[in-house]
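As the structure lists them, so they are numbered: ligands from 1, and atoms in each ligand from 1. Basis for what follows: all heavy atoms, side chains included, without hydrogens, waters or symmetry-related copies.
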Amino acid sequence: MSQSIQFSTPSRTPHLLNLPHSQFNRPLSSISFRRFPLTTIKYTSIRASSSSPSPSPDLDSSSSSSSSSQVLLSPNGTGAVKSDERSVVATAVTTDTAGIEVDTVTEAELKENGFRSTRRTKLICTIGPATCGFDQLEALAVGGMNVARLNMCHGTRDWHRGVIRSVRRLNEEKGFAVAIMMDTEGSEIHMGDLGGESSAKAEDGEIWTFTVRAFDSSRPERTISVSYDGFAEDVRVGDELLVDGGMVRFEVIEKIGPDVKCLCTDPGLLLPRANLTFWRDGSLVRERNAMLPTISSKDWLDIDFGIAEGVDFIAVSFVKSAEVINHLKSYLAARSRGGEIGVIAKIESIDSLTNLEEIILASDGAMVARGDLGAQIPLEQVPAAQQRIVQVCRGLNKPVIVASQLLESMIEYPTPTRAEVADVSEAVRQRSDALMLSGESAMGQFPDKALTVLRTVSLRIERWWREEKRHESVPLQAIGSTFSDKISEEICNSAAKMANNLGVDAVFVYTTSGHMASLVSRCRPDCPIFAFTTTTSVRRRLNLQWGLIPFRLSFSDDMESNLNKTFSLLKSRGMIKSGDLVIAVSDMLQSIQVMNVP
Ligand SMILES: Nc1ncnc2c1ncn2[C@@H]1O[C@H](COP(=O)(O)OP(=O)(O)O)[C@@H](O)[C@H]1O
Ligand SMILES: C=C(OP(=O)(O)O)C(=O)O
Ligand SMILES: [K+]
Ligand SMILES: [Mg+2]
């Protein structure tokens with residue numbers, strides 16, 4: 001039996017849009033009760049043998065057994081993958097255009113644990129020397145990486161191309177849907193690359209020279225080159241120079257032409273291309289910084305590279321205003337097929353906090369880039385800034401990523417600190433869409449374990465939230481601008497509320513652009529959201545959003561046939577079963593239906 005409400009669709013009859021709202025305010029819909037027709041859909045099976053156990057993502061799952069990459073947080077917490085499971089993934093084949101595509105790991109998780117315990121928080125890994133090999137990337141994908149991030153501050157374009165192609169190959173050959181995010185270098189001030197050395201140690205009381213001169217050969221002793229030509233002019237004797245937001249500190253003691261002599265006051269390791277800020281009388285000096293372009297000429301070349309390689313997201317470093325986001329978006333619209341690359345604004349400067357709402361409104365998502373943010377505002381202000389950014393994004397329906405130092409100690413150690421676990425928990429509790437690893441996965445010693453910690457902590461905190469029945473009481477602001485958008489928004493808000501109140505197993509959303517799926521995600525319902533979309537690129541981008549399990553599926557305007565097809569396909573693959581209660585919404589028909597899977 002299916003109970004449905006269907007709205008007549010102003011979006012498909014645009015001339016109706018000018019009618020007074022009252023036209024639409026009366027019930028446009030009829031509630032119908034009908035038996036769900038059962039039809040069989042022919043399809044080609046995608047799954048490989050199901051004889052091997054599936055990865056169990058839940059910390060407390062009773063089915064967990066020992067695992068080769070077992071981690072830490074719970075005696076029975078599973079590691080990223082068991083070796084026998086990896087072979088399941090390795091033999092899975094996808095792409096039957098008449099069938100359905102979902103990534104192999106999600107499928108295994110759904111079968112093993114049912115819908116309810118599926119992870120809602122998405123995970124991003126920065127790829128670097130520790131994780132750029134095909135097998136290493138596969139281990140991350142199996143461990144739950146939804147998005148691979150490439151930081152254009154490091155590595156050559158050839159290196160990045162290699163990683164992008166490996167990820168694409170993983171997706172094609174092994175059935176993953178890992179999205180790729182390219183992160184621009186931006187043009188803030190940073191140190192040079194230390195002439196090939198991996199680090200340099202600055203000791204207390206040493207005098208170092210920071211210079212705008214480039215070195216011809218090897219780096220002179222205790223000398224650091226600086227990326228920004230105006231540096232020597234801008235600093236003043238007495239200024240404090242912070243490397244990486246204070247990991248190492250110097251005081252400016254003398255200026256000699258292009259050279260600035262500095263006394264080390266807080267010793268530490270200088271890393272290649274580390275960020276530099278200077279402070280005067282307790283405040284960040286940023287007059288000249290503000291003149292630097294947000295997207296440098298090198299960044300534009302990287303962006304062209306990203307377009308050519310078909311990345312899914314471009315994260316823009318040191319965004320100051322909405323203008324640069326709009327500029328990039330129109331550039332992308334002209335160069336790549338419209339809307340195919342999402343633009344993520346990195347909130348990591350004072351200006352970006354000042355102009356937060358307009359920046360987020362212009363973007364397709366935002367990143368709380370706490371590394372540089374913590375170098376620009378006092379550290380104790382970072383948590384409040386994080387909370388505000390997460391809330392603004394939620395209000396405006398943009399995915400938000402919490403990034404940097406989540407598990408910093410795991411660069412060196414196989415287990416996180418308790419404080420790090422608390423930090424990850426807080427980001428999950430704030431219901432951010434995604435968590436990001438930086439050095440932990442790029443160059444750390446335990447990338448897979450770090451990812452497992454993110455996964456297990458996310459699962460545990462999400463479950464805690466559900467057990468406490470903390471349905472959101474915070475009203476979400478209305479954001480739709482057209483009447484059609486408003487209808488979609490109301491449908492999604494209602495669907496999420498009904499899902500919680502009725503305790504349904506999943507919300508199914510049929511969405512061509514992905515917008516309707518994001519509207520359901522925004523409500524953070526208790527159940528997972530199966531998002532069906534027709535294109536592979538939309539499916540990959542949905543990977544960044546909270547609670548969405550994206551499938552690629554060809555579907556039509558006929559909801560009944562879509563539902564039939566979906567149920568049939570998912571049932572045959574053991575992902576749902578008869579009797580499961582689902583709510584289905586669709587953006588073509590603007591409809592909402594409640595039904596048991598036949
Ligand atoms: N593509 C890469 N090639 C080499 N090293 C990398 C790469 N990406 C990241 N790393 C290393 O991982 C560290 C942490 O990454 P991330 O936080 O993204 O960069 P940053 O420290 O520059 O902000 C970097 O400092 C760098 O040492
Ligand atoms: C994510 C960040 O940016 P990047 O690693 O590129 O400095 C950050 O500053 O926190
Ligand atoms: K960057
Ligand atoms: Mg940064």
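- The K ion (ligand 3) has Asn151 among its coordinating residues (N/O/S atom, backbone or side chain, under 3.4 Å).
- Checked against the K ion (ligand 3), the N, O or S atom of Asp183 at the shortest distance is OD1.
- Considering only heavy atoms from C-beta on, Glu138 comes within 4.5 Å of Val142 through its side chain.
- Considering the Mg ion (ligand 4) as centre, the angle to OE1 of Glu348 and to OD2 of Asp372 is 100° (10° rounding).
- Using a heavy-atom distance under 4.0 Å as the criterion, the protein contacts of ligand 2 are Arg149, Asn151, Lys346, Glu348, Met367, Ala369, Arg370, Gly371, Asp372, Ser404, Met436.
- For the atom pair CG of Asp259 and CZ of Phe231, the computed distance is 10.5 Å after rounding to the nearest 0.5 Å.
- Closest approach of Gln545 to Lys122, counting heavy atoms only: O-NZ, 3.0 Å.
- In summary, the side chains of Asp183 and Ser317 do present a donor paired with an acceptor at a separation below 3.5 Å, with no hydrogens or angles considered.
- When every heavy atom of Arg169 is checked against every heavy atom of Phe134, the shortest pair comes out as NH2-CD1, 3.5 Å.
- Annotation: the span from Arg522 atom CZ to Arg431 atom CZ amounts to 14.0 Å, rounded to 0.5 Å.
- By the ring-ring contact (aromatic ring centres under 6.0 Å, His included) test, His327 pairs with Trp300, sequence neighbours left out.
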